[in-house]
K.L.:
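Starting off with a structure, shown below.
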Amino acid sequence: MKILVAIDGSDCSMKALEFLSERPWKQDDEFMVLTVVEPIPAEFGLGHLPAPTGQIEDKLYDECAQISGKGAAQLTNSLPNNKVEAKVSAGPVADTIVQTAESWGAALIICGSHGRKGFRHFILGSVAEEILKNANCSVEVVKGKQAVKADEPNEAAEEMTKKKEGFASA
């Protein structure tokens, strides 16, 4: 089976890599760690900058290559019997992930539930949601928060219990 792992360097996408590393896989399963370089939209005021042609894009590409290379190395270390490749593509993030998965023949896309925050998230929308809507293969979205085991103390739950007890006794 071919599994595409989309990462962007955020904590959530790195959790997706960790999650992937902890699962059992067959020896013939193949992995592609993909990072996407987003084009800089000229309508957001960057088109007037007198930067040398390609310099900004080259820097973004290098940054993405480091992210995917680091992710592929991490996956190779945890899954030494599987084929792992790193790839960087350019384009709209969700569309590029879906198109790469289709052209590579991926049976599964794994990504984090969110990566960007604030204004960039508002402008771009949810990448994970777009992948879910448009992919022709299975998609697994890994949340950034870790589940709490039943036998582990949960500080938030304990705090709520204290508040409820205080409310009931008042």
Side-chain angles (χ1 to χ4, degrees), residues 1-38 59-160:
M1 175 164 64
K2 290 184 172 184
I3 300 97
L4 185 142
V5 188
I7 65 172
D8 63 3
S10 67
D11 289 342
C12 197
S13 70
M14 301 322 267
K15 293 269 187 221
L17 271 179
E18 290 172 22
F19 176 76
L20 186 65
S21 298
E22 295 168 356
R23 292 174 63 178
W25 298 98
K26 295 180 182 176
Q27 236 178 354
D28 61 344
D29 290 336
E30 298 177 34
F31 300 88
M32 176 188 290
V33 179
L34 175 68
T35 305
V36 179
V37 178
E38 278 184 286
K59 184 176 180 179
L60 289 172
Y61 186 89
D62 290 343
E63 203 173 285
C64 286
Q66 287 178 352
I67 291 168
S68 63
K70 181 180 175 183
Q74 179 181 336
L75 205 53
T76 299
N77 285 338
S78 57
L79 303 172
N81 298 321
N82 295 90
K83 180 180 177 186
V84 178
E85 68 177 283
K87 181 172 182 160
V88 178
S89 292
V93 179
D95 292 341
T96 303
I97 291 168
V98 169
Q99 290 169 1
T100 302
E102 286 178 17
S103 64
W104 186 56
L108 175 64
I109 298 172
I110 296 180
C111 63
S113 60
H114 60 279
R116 294 173 187 83
K117 295 179 181 173
F119 185 70
R120 287 178 59 84
H121 176 77
F122 174 73
I123 295 298
L124 298 171
S126 173
V127 171
E129 183 178 351
E130 288 300 310
I131 294 169
L132 282 166
K133 287 194 288 189
N134 297 312
N136 290 329
C137 63
S138 296
V139 176
E140 192 161 344
V141 179
V142 178
K143 289 194 149 229
K145 296 179 182 177
Q146 297 223 350
V148 177
K149 293 181 185 174
D151 59 342
E152 290 181 356
N154 183 339
E155 292 177 19
E158 288 175 11
E159 188 64 32
M160 281 300 278

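As the structure is a computational prediction, the values presented were derived from the model and not from experiment. Heavy atoms only: backbone and side chains are in, while hydrogens, waters and symmetry mates are out.
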K.L.:
Under 3.5 Å, side-chain donor or acceptor atoms of residues 61-70 against the rest of the protein: list the pairs with distances, not counting sequence neighbours.
P.N.:
| from | atom 1 | to | atom 2 | distance (Å) |
| --- | --- | --- | --- | --- |
| Ser68 | OG | Cys64 | O | 3.3 |
| Ser68 | OG | Ala65 | O | 3.3 |

K.L.:
Check ring-ring contact (aromatic ring centres under 6.0 Å, His included) between Trp25 and all other residues, then give those that pass, not counting sequence neighbours.
P.N.:
Phe31
K.L.:
State the CG-CG distance between Leu75 and Leu20, to the nearest 0.5 angstrom.
P.N.:
5.0 Å
K.L.:
Provide the closest heavy-atom pair for Ile109 versus Cys137 in the form atom of the first, atom of the second, distance.
P.N.:
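Reported closest heavy-atom pair: CG1-SG, 3.6 Å.
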K.L.:
Within this structure, what is the CD-CG distance for the pair Glu130 and Leu132, rounded to the nearest 0.5 Å?
P.N.:
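Going from CD on Glu130 over to CG on Leu132, the span is 9.5 Å.
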K.L.:
Sequence neighbours excluded and cut-off under 3.5 Å, please list the side-chain donor-acceptor pairs for residues 83-101, or say none.
P.N.:
| from | atom 1 | to | atom 2 | distance (Å) |
| --- | --- | --- | --- | --- |
| Thr96 | OG1 | Pro92 | O | 2.7 |
| Thr100 | OG1 | Thr96 | O | 2.7 |

K.L.:
Under the salt bridge (charged side-chain N to carboxylate O under 4.0 Å, His left out) rule, collect the residues that match up with Lys2, sequence neighbours excluded.
P.N.:
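With sequence neighbours excluded, Lys2 shows a salt bridge (charged side-chain N to carboxylate O under 4.0 Å, His left out) to no residue whatsoever.
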K.L.:
Is there side-chain contact between Gln74 and Glu18, with at least one heavy-atom pair below 4.5 Å?
P.N.:
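SC-SC contact between Gln74 and Glu18 confirmed.
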K.L.:
Counting C-beta onward and ignoring hydrogens, is there a side-chain heavy-atom pair between Val141 and Cys111 closer than 4.5 Å?
P.N.:
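Yes, their side chains come closer than 4.5 Å.
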K.L.:
With rounding to the nearest 0.5 Å, note down the distance linking CD in Glu30 to CG in Asn82.
P.N.:
9.0 Å
K.L.:
Considering residues at least two apart in sequence or located in another chain, which fulfil the side chain to side chain donor-acceptor pair (under 3.5 Å) criterion with Asn81?
P.N.:
none
K.L.:
Looking at Val36, is its backbone amide N or carbonyl O close enough to the side chain of Asp8 to form a donor-acceptor pair, meaning the two atoms are under 3.5 Å apart?
P.N.:
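Judged by distance alone, no pair lies under 3.5 Å.
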K.L.:
Under the rule for side chain to side chain donor-acceptor pair (under 3.5 Å), what residues qualify as partners of Ser21, not counting sequence neighbours?
P.N.:
Ser78
K.L.:
State, to 0.1 Å, how close Ala16 and Ile110 come at their nearest heavy-atom pair, and which atoms those are.
P.N.:
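For Ala16 versus Ile110, the nearest heavy atoms are CB-CG2, 4.1 Å.
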